[in-house]
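See below for the structure under consideration.
Read the numbers this way: they start at 1 and go in the same order the structure lists the ligands and their atoms.
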Amino acid sequence: MTHSLLILNGPNLNLLGTRQPEVYGHTTLGDIEALCKTTAEAMGVSVTFAQSNHEGEMVDMLHAAQSAHHGIILNAGAYTHTSVALMDAISSIALPVIELHLSNVHAREDFRRTSYISRVVVGQICGFGAAGYPLAMEALAGHLNNK
Ligand code: DQA
């Protein structure tokens, strides 16, 4: 069976490339989407790539993923550190989720060490920049294959 993966990006990630390049680099979200599509082809999985600046819309996308995808890679951006709603949405769907961050959130401000979603995900990948996306895809596909 071909695994279908949703890669969902949260607030401000649409500005990658120009947003704080000293933290997030110069790679745009479009570059990352292209990298994920190439990786998906090589891996033999299908991938849907999405971004939203709105918490409720992200909740809706997580709910909708249940009938469309086998697993989710979630870079929730700042909502990682604030959103009980996203945590509850992940708990409410029967899909494995991998938490992803471009930056090493543990090496930054203290508030970034708190993740509401960590407790309901399979695992977290952070600190590898754009390269974290293909890593997360391999990790999620491996997890799905072992189920
Ligand atoms: C981020 C880390 C978050 O703390 C931050 O709010 C983001 C991006 C990352 O990918 O490193 O928006 O999720």
Side-chain angles (χ1 to χ4, degrees), residues 3-43 45-66 68-144:
H3 295 310
S4 171
L5 315 183
L6 172 66
I7 303 180
L8 178 56
N9 297 280
N12 301 305
L13 293 166
N14 54 311
L15 297 183
L16 284 178
T18 54
R19 172 195 181 192
Q20 293 181 273
E22 68 287 1
V23 178
Y24 299 113
H26 293 279
T27 308
T28 67
L29 198 61
D31 295 334
I32 293 176
E33 180 172 4
L35 174 63
C36 291
K37 296 245 158 96
T38 308
T39 305
E41 249 179 65
M43 287 173 60
V45 300
S46 81
V47 74
T48 300
F49 200 85
Q51 189 272 333
S52 174
N53 290 320
H54 304 280
E55 187 176 16
E57 192 174 30
M58 291 178 70
V59 169
D60 288 342
M61 286 175 172
L62 290 170
H63 292 176
Q66 183 148 234
H69 302 288
H70 299 105
I72 300 169
I73 294 163
L74 176 61
N75 184 347
Y79 290 141
T80 305
H81 318 297
T82 63
S83 181
V84 177
L86 285 183
M87 177 185 75
D88 283 350
I90 294 167
S91 301
S92 305
I93 58 173
L95 291 183
V97 177
I98 293 190
E99 177 180 352
L100 175 66
H101 303 284
L102 293 147
S103 63
N104 178 358
V105 286
H106 303 286
R108 299 179 63 193
E109 301 96 326
D110 279 351
F111 67 84
R112 290 186 207 277
R113 289 194 191 144
T114 300
S115 166
Y116 280 86
I117 64 177
S118 283
R119 66 179 63 204
V120 292
V121 299
V122 177
Q124 184 197 60
I125 293 173
C126 73
F128 296 99
Y133 282 77
L135 286 175
M137 290 172 70
E138 290 286 353
L140 183 54
H143 177 81
L144 290 168

key: Option set R112, H101, Q20, criterion heavy-atom distance to atom 6 (O) of ligand 1, minimum   = R112
Does any N/O atom on [X] come nearer than 3.5 Å to any N/O atom on ligand 1?
| X | answer |
| --- | --- |
| L102 | yes |
| N75 | yes |
| A76 | no |

request  = Distance to 0.1 Å, residue and atom name: give those for the protein heavy atom nearest to atom 8 (C) of ligand 1.
outcome  = Y24 OH, 3.4 Å
ask   = side chain to side chain donor-acceptor pair (under 3.5 Å) between T28 and D31: does it pass, once the steps are laid out?
value = CA-CA 5 Å; T28 67; D31 295 334; 3.2 Å; yes
task = Indicate the ring-plane relationship of H101 and H81, choosing parallel, tilted or perpendicular according to the 30° and 60° boundaries.
result = parallel
request  = With heavy atoms under 4.0 Å as the rule, classify the contact between R19 and ligand 1 as side chain, backbone, both or neither.
outcome  = side chain
T80, portion touching ligand 1 at heavy-atom distance under 4.0 Å = neither
request  = Let me see the working for E41 and K37 under salt bridge (charged side-chain N to carboxylate O under 4.0 Å, His left out), right down to the final yes or no.
outcome  = CA-CA 6 Å; E41 249 179 65; K37 296 245 158 96; over 6 Å; no
inquiry  = Taking a cutoff of less than 4.0 Å between a non-hydrogen atom of the residue and any ligand atom, is E109 in contact with ligand 1?
reply    = no
note = Quick note on ligand 1: atoms under 4.0 Å from a heavy atom of H81 include exactly 3 (C), 4 (O)
Euclidean distance, L95 CG relative to L140 CG, rounded to 0.5 Å = 9.5 Å
Approximate separation, where rounding is to 0.5 Å, of L29 CG and Q51 CD = 6.0 Å
